Amino acid sequence: MYDAPASEQKVTQNTTKIAAHKVQVFYGDTHAIKDVDVQIEDKTVTAFIGPSGCGKSTFLRCLNRMNDTIDICRVEGDILLDGEDIYDAKVDPVQLRAKVGMVFQKPNPFPKSIYDNIAYGPRIHGLAKNKADLDEIVEKSLRRGAIWDEVKDRLHAPGTGLSGGQQQRLCIARAVATEPEVLLMDEPCSALDPIATGQVEELIDELRENYSVVIVTHSMQQAARVSQKTAFFHLGNLVEYGETGQIFTNPVDKRTESYITGRIG
Amino acid sequence: MTDAATNPGAATPRKSSLLTLDDRTRRRNASEARFKAYGITAIAVALFFLIVLLFSILRSGLPAYTTTVADVEFTVTQAQYEEAESQLFKTKAYEQLFIAQLQDQLTESGMQVEFDAAAIERIMGKVGGNIREFYQANPDQLGQPVSFELSSSSRVDGYYKGRVTREGLQESRFLQLSDLDLVDALAEAGIIRQAFNWNFITGADSGVDNPGGAGIGASVVGSFFMMLVVLFLALPIGVAASIYLEEFAPKNRWTDLIEVNISNLAAVPSIVFGILGLAVFIQFMHLPQSAPLVGGLVLTLMTLPTIIISTRASLKAVPPSIRDAALGVGASKMQAVFHHVLPLAMPGILTGTIIGLAQALGETAPLLLIGMVGFVARGYPDGIAAGFVDPNSAMPAQIYTWAARADVAFYEKAWGGIIILLLFLMTMNIIAIILRRRFERRW
């Protein structure tokens, strides 16, 4: 599928997983996200692109309330996950984050063994009844992270001893170990070399079968390669959102066209 | 393009060889060399002072670890014992027995020295009492030879350590010139010798007139109980406060105020904490005076800022990506802190705590204010609870008390005490290094 031009990628109509309506984000007095409306589909890879500082990462972090950890950050508007408002006062962000997993820009494995890295999430959520269960979850997650074959003989070696690309796949495996429904990825390949990037992209495409994946990326080629839907952010606004093929070949907005052809950004 | 062609400077750029240094480079290199020389000088000066300090501590302190003793082998028969017990001045009778046997031993070694009971008393103290006490406690030893190790008077000890000289000796009722002849003769006969002063390590403080009997042991115990109080109060309070302030507290004017005040507290002179302890713990709360418990409370107050500051610094040093990772898989804030951040910050926390404890161990001024002065440490506490509440002193206060005493014999005790204190501090620092190595992890 990598060879297929963006316009010919198969587009499926899936149900809406996350619906954002009139989302505003403020950092102190700075208005970082303005009036963003977006419908993210299930079993789809959605890419957020845009120049640095346009708010795409900020918006991504709103989707699992990671912005709660920043004191001065304030979010307004509605974000619905399966029709439930995630910013409702009754929602515990901990439960939300078990459903909406996240992979970060820099690989950040815990300074523990590979096994413990994966097992941590299932342990704190009580997903495994016994050791055998946990072993199974670890193996399954590492297989989904496409890293099982490389680490199966050294599960008790420290996760920090892996190479950058392996670490990032370990982090993806860690994120899927808690059985999330949505996977958020914040520039997951920006610290990786082209070969590791290729492996992670391949993995993202496989993950689409089970999860709704949202990926923030700086690389337009990457967005074109892995995503079915693309959203273009500029200066805190969602400028354009649509099928990846359409965004890259026939953008509606002048700004999208300028960015894609390299005139802004 | 055309400008370059018309500009003669650009047309013929100045060529310089890489093999010759130009002026600017030479000046730069010279200033770098000067700077290195300053650094090396500074280190050399610091090392010099350190060596001088260590040398003078060892030179002045080591004599405290030796003492002059008289070894006398001595036999008292049953008949002699009964006769002595029947007399009015019983200890005098034992002393006569002792002198007679000592005289025999000296004659056996081929030495002719005349001495009387007064001379023996000046050299070895009142030996009669010691001997009587021994035989009353061990009547089965009667009739057999018993080896007595009698400690000599501090002036005789001073004679061997150079405090007392023949030339400078002022004859007094404590020591006369003829006594020194007897001491020399006894030393030659192998009766007076130098021995390791166990009493200095295990003993308690003695009175101002008995420097020979002074030991630091009781104050070591006092310091130990104080450190227990400090460890069990300052570590949990300090770490809990730091975790709350660093990880959970909202950043607002109040937490800023608290933060500034903690930093300021670290710089408050320790004597201020001492007077606070006196006012609050003793005068207001009526806790016992001179008790290691109160000393520990005061030192806890003093150590808390150090522990909080170092704990916060090591929590801050944990990369935020680890917190993100934990939160990202759905850990609660507390799980993220306790499962991931705290273990990574542990080496820093432990180092900070041990450095805080070491600082508290060496603190004198606040202890003097709450009555933990050296002369209080007259014996060991009987039991754990008594260890906390019975009057005692601590090592630095004991050293201070000795240094302040008039008798020069206490001077070497003060230096000797400093050696013990430094040994404890070094041990704690080594433990800190080992813990840091063991818990250190990479990410």
Side-chain angles (χ1 to χ4, degrees), chain A residues 28 60-61 63-72 92-113 116-127 141 158-161 167-168 170-180 183-186 191, chain B residues 241-260 311-351 435-443:
Chain A
L60 188 79
R61 291 168 69 92
L63 299 181
N64 68 345
R65 292 183 58 173
M66 282 298 276
N67 282 336
D68 288 15
T69 58
I70 302 164
D71 278 334
I72 54 166
D92 188 331
V94 169
Q95 266 177 309
L96 171 70
R97 286 180 205 138
K99 280 189 170 193
V100 185
M102 188 152 190
V103 176
F104 298 86
Q105 185 169 358
K106 244 182 80 189
N108 55 355
F110 299 129
K112 302 182 178 211
S113 72
D116 285 337
N117 260 285
I118 306 293
Y120 181 70
R123 268 193 200 129
I124 58 171
H125 294 296
L127 298 182
S141 308
T160 40
Q167 286 190 15
Q168 192 62 296
L170 178 68
C171 291
I172 293 172
R174 180 178 66 192
V176 300
T178 56
E179 297 290 339
L183 211 53
L184 308 179
M185 298 189 173
D186 191 354
Chain B
S242 327
I243 290 177
Y244 178 74
L245 284 174
E246 196 56 44
E247 303 284 339
F248 294 96
K251 302 273 172 286
N252 58 28
R253 209 167 295 178
W254 286 111
T255 46
D256 282 353
L257 190 72
I258 291 172
E259 198 164 322
V260 168
T311 304
R312 292 191 63 175
S314 42
L315 287 174
K316 254 193 205 117
V318 175
S321 66
I322 297 291
R323 290 182 186 84
D324 281 349
L327 294 178
V329 296
S332 69
K333 188 117 191 186
M334 201 177 122
Q335 285 171 326
V337 170
F338 281 87
H339 294 169
H340 299 289
V341 178
L342 205 54
L344 290 174
M346 221 46 190
I349 294 174
L350 289 175
T351 311
L435 286 176
R436 194 164 44 201
R437 287 271 162 81
R438 173 157 305 174
F439 283 96
E440 205 150 59
R441 276 191 265 187
R442 292 167 181 284
W443 50 77

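Below, read A as the first sequence line, B as the second, and so on, with proteins coming before strands; counting in each chain starts at 1. This one's a predicted model, so the numbers in the text were calculated from it and none came from an experiment.
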> B:Ile322 and A:Pro111: which non-hydrogen atoms are nearest, and at how many Å?
Replying inline: CD1-CD, 3.8 Å

>> So which atom in A:His125 and which in B:Val329 form the shortest heavy-atom distance, rounded to 0.1 Å?
In response: NE2-O, 2.9 Å

> Most heavy-atom pairs under 4.5 angstrom with chain A, which of B:Ala326, B:Ala325, B:Pro250?
Replying inline: B:Ala325

> Of all residues at least two apart in sequence or in a different chain, which pass the ring-ring contact (aromatic ring centres under 6.0 Å, His included) check with B:His339?
Replying inline: A:Tyr120

>> Measuring from atom CG of B:Leu344 to atom CZ of A:Phe110, what distance do you get when rounded to the nearest 0.5 angstrom?
In response: 10.0 Å

>> Rounded at 0.5 Å granularity, tell me how far CD in B:Glu247 sits from OG1 in A:Thr69.
In response: 11.0 Å

> To the nearest 0.5 Å, how far apart are OG in B:Ser332 and CD in A:Gln95?
Replying inline: 12.0 Å

> Pick from A:Met66, A:Lys106, A:Lys99: which one has the most heavy-atom pairs with chain B under 4.5 Å?
Replying inline: A:Met66

>> Could you measure the distance from the CZ atom of B:Arg323 to the CG atom of A:Asn108? Nearest 0.5 Å is fine.
In response: 12.5 Å

>> Taking side chain as everything from C-beta outward and backbone as N, CA, C, O, which of these in A:Arg61 sits under 4.5 Å from a heavy atom of chain B? Side chain, backbone, both or neither.
In response: side chain

> Please, which pairs that meet salt bridge (Lys or Arg N to Asp or Glu O under 4.0 Å) have at least one residue in residues 324-349 of chain B, sequence neighbours excluded?
Replying inline: none

